[in-house]
Amino acid sequence: AQTVTQSQPEMSVQEAETVTLSCTYDTSESDYYLFWYKQPPSRQMILVIRQEAYKQQNATENRFSVNFQKAAKSFSLKISDSQLGDAAMYFCAYRRGETSGSRLTFGEGTQLTVNP
Amino acid sequence: DAEITQSPRHKITETGRQVTLACHQTWNHNNMFWYRQDLGHGLRLIHYSYGVQDTNKGEVSDGYSVSRSNTEDLPLTLESAASSQTSVYFCASSYGSGTQYFGPGTRLTVL
């Protein structure tokens, strides 16, 4: 079974600084997807970024980027120029690459605080 | 605009009662999922469906059931609510291998 581990229950960063959230996963599959979701206090789950395992290039979305290390099974999220609105719970998630669309396996989450 | 909705948003019930949480999506997605969120566990999969009349158990399915009679809806039923089922419940949907989109969540309290 696939597992996803986020070893940092809490992180904090100063506004305008950069922070990196860690995620490791375990799988025997070669085709899969990795995601970072953001959950603000409203509880809404918001997709931040997505990475296909077959792509060597790290995904980026504006201030958000990932460091995908397939051999190490590591998938960290870097937030640059942190803003107060980035404060949220962040979840790393894994999905197998089935064509029918499979379920997500989530990590335990990292609570990010942004200090003004 | 297409969306995914859940109702009710908050529910308080008593141990032993049957409870049904509704999930409705207007994207015409074939895949629908139910997760529960508990502190220290992230989101865990309860049940999922890949199409009408298709349902499958997830990792924490005991005490829950679902049915898929149309594309838009996947109601989650707690047959006999237990205090251990106090949680926040999320419904999600996706099309094929696409991204999953989540509903706003339902906070359920079982007294």
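Chain identifiers are assigned alphabetically (A, B, ...) following the order of the sequence lines, protein sequences preceding nucleic acid strands; residue numbering begins at 1 within each chain.
The neighbour count for A:K70 NZ, taken as heavy atoms of other residues, nucleotides or ligands under 6.0 Å away, is above 12. More than 12 heavy atoms of other residues, nucleotides or ligands lie within 6.0 Å of CZ in A:F68, so this atom counts as buried by the packing criterion. Counting non-hydrogen atoms of neighbouring residues, nucleotides and ligands closer than 6.0 angstrom, the CZ atom of B:R17 reaches no more than 12 such neighbours. Within 6.0 Å of the CG atom in B:N70, the count of heavy atoms belonging to other residues, nucleotides or ligands exceeds 12.
Residues of residues 107-116 of chain A placed with any heavy atom under 4.5 Å of a heavy atom in chain B are listed by number as A:G107, A:E108. Proximity to chain B among residues 45-60 of chain A is limited to A:M45, A:L47, A:R50, judged by heavy-atom separations below 4.5 angstrom.
Side-chain contact between A:L104 and B:F102: present, with at least one pair of heavy atoms (C-beta onward) separated by less than 4.5 Å. The shortest side-chain heavy-atom distance between B:Q37 and A:F106 does not fall under the 4.5 Å cut-off. Taking the side chain as every heavy atom from C-beta outward, B:Q100 and A:Y37 approach each other to under 4.5 Å. Contact annotation: the side chain of A:Q44 never approaches that of B:F90 to less than 4.5 Å [non-hydrogen atoms, C-beta and beyond]. The side-chain heavy atoms of A:R103 and B:H47, taken from C-beta on, include no pair separated by under 4.5 Å.
Across all their heavy atoms, A:R43 and B:T106 have their closest contact at NH2-N, 4.3 Å.
B:F33 is connected to A:F91 through a chain of hydrophobic side-chain contacts under 4.5 Å among Ile, Leu, Val, Met, Phe, Trp and Tyr, so both are in one cluster. Hydrophobic clustering (side-chain heavy atoms under 4.5 Å, transitive across Ile, Leu, Val, Met, Phe, Trp, Tyr) keeps B:W34 apart from B:L45. When hydrophobic clusters are built by joining Ile, Leu, Val, Met, Phe, Trp and Tyr residues whose side-chain heavy atoms come closer than 4.5 Å, directly or via intermediates, A:Y33 is not grouped with A:V4. Under the 4.5 Å side-chain heavy-atom criterion for grouping Ile, Leu, Val, Met, Phe, Trp and Tyr, A:L77 is connected to A:F75 within one hydrophobic cluster. Transitive grouping of hydrophobic side chains (ILVMFWY, heavy atoms separated by less than 4.5 Å) keeps B:L39 and B:Y35 in distinct clusters.
Residue B:R107 touches chain A through both its backbone and its side chain, counting heavy-atom pairs closer than 4.5 Å. Contacts between A:Q39 and chain B at a heavy-atom distance below 4.5 Å involve the side chain alone, from C-beta outward. Contacts between B:L43 and chain A at a heavy-atom distance below 4.5 Å involve backbone atoms as well as side-chain atoms.
Atoms OG1 and CZ, on B:T99 and A:F35 in that order, are 5.5 Å from each other to the nearest 0.5 Å.
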